[in-house]
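Worksheet: the structure to be examined is printed underneath.
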Amino acid sequence: MEAPGCCRRHLPVLLLWVNGLMTLGLAGAHQQTRPCNESLMLEKLPACGKFFEEMMKKVDSKKWCNLTEFIKYYDIFTQCTEHEAFYASCFWPNPLVEGFITRIHKQFFSNCTSEDVLWEDPPDEILITLILIPVMLTCAMITLVVWCSKRSDILA
């Protein structure tokens, strides 16, 4: 019969130990051990840009504004910048990487301006239909619920 009392005394210590393990890293929260080496990162990032530039040469410059034409290359470029930032013990994204990516965007996508879209209301017939359908369905559902609640003795 002493075992339950013994367990009760050690339970808080066990809980504190488990909490400590979770805090130290089992929950995914870990501290960065090395400081960010910004010079190493800035030295390695141009290789990512060079690769992206070579891949973009394969795409017709008239299609540079169509994301589907080069999304694979852009994904590889993004992963490359992320890898180089982590290799230099830096977080990603960080201001230096963002500045580098912005320069790449200016180089390739400066002519890809979006045209202003003028939004117009739909014709009245469509607008009235789009409003009335949910209103009628709501009224029908309310009527059905009230009718079923009054006839619960027959339906059950």
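Quick note: residue numbers are just sequence positions, from 1. Everything quoted here is computed from the prediction, not taken from an experiment.
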Open item on the list: For Q107 and E53: C-alpha separation, side-chain torsions, deciding distance, then whether side-chain contact (heavy atoms from CB on, under 4.5 Å) applies.
Closed with: CA-CA 9 Å; Q107 180 181 350; E53 188 175 332; 3.7 Å; yes
Task: Joint hydrophobic cluster, Y87 plus L42, side-chain heavy atoms closer than 4.5 Å - done: no
TODO: Taking side-chain hydrogen bond (donor to acceptor under 3.5 Å, both in side chains) as the test, write out the residues that go with T138, two or more places apart.
DONE: none
Task: Heavy-atom pair with the smallest gap, counting every atom of P35 and S89 - done: O-CB, 3.7 Å
Task: Heavy-atom closest pair, residues E38 and C90 - done: N-SG, 4.4 Å
Open item on the list: Can you tell me how far apart CG (N37) and NZ (K44) are? Round to the nearest 0.5 Å.
Closed with: 10.5 Å
Task: Transitive ILVMFWY side-chain link F109 to F51, under 4.5 Å - done: yes
Open item on the list: Return the SG to CG distance between C139 and L144, rounded to the nearest 0.5 Å.
Closed with: 13.0 Å
Task: T78 and W92: CA distance, side-chain angles, deciding distance, side-chain contact (heavy atoms from CB on, under 4.5 Å) verdict - done: CA-CA 10 Å; T78 304; W92 187 93; 3.6 Å; yes
Open item on the list: Are L127 and P122 packed together at the side-chain level, in the sense that at least one heavy-atom pair is separated by less than 4.5 angstrom?
Closed with: yes
Open item on the list: Run the ring-ring contact (aromatic ring centres under 6.0 Å, His included) test on F91 and F86 for me, step by step, so that the C-alpha distance in whole Å, both residues' side-chain angles and the decisive distance to 0.1 Å come before the verdict.
Closed with: CA-CA 6 Å; F91 290 102; F86 284 133; 7.8 Å; no
Which pairs of donor and acceptor atoms, one on a side chain in residues 68-77, lie under 3.5 Å apart (sequence neighbours left out)?
residue, atom, partner, partner atom, Å
T68, OG1, N66, OD1, 2.7
T68, OG1, N66, ND2, 3.4
Y74, OH, H105, NE2, 2.6
D75, OD2, Q79, NE2, 3.1

- [ ] Kindly indicate whether the side chain of E82, heavy atoms from C-beta on, has any atom under 4.5 Å from the side chain of V97.
- [x] no
Open item on the list: Before you tell me yes or no, could you show the steps for T81 and C48 under side-chain contact (heavy atoms from CB on, under 4.5 Å), namely the whole-Å CA-CA distance, both residues' side-chain angles and the distance that decides it to 0.1 Å?
Closed with: CA-CA 6 Å; T81 60; C48 300; 4.1 Å; yes
Anything under 3.5 Å between a donor and an acceptor, one on a side chain of residues 54-65, the other on a protein residue two or more places apart or in another chain? List them.
residue, atom, partner, partner atom, Å
W64, NE1, M56, O, 3.4
W64, NE1, V59, O, 3.3

Open item on the list: For a quick test of reading the model, state the closest non-hydrogen atom pair linking L96 to N94 and the distance between them.
Closed with: N-OD1, 3.0 Å
Open item on the list: Nearest 0.5 angstrom please: L45 CG to L40 CG, how far?
Closed with: 9.5 Å
Task: C148 side chain reached by V146 side chain, heavy atoms, under 4.5 Å - done: no
Task: Identified side chain to side chain contact (heavy atoms under 4.5 Å, CB included) counterpart of I126 within the set T129, D124, I128, L130 - done: L130
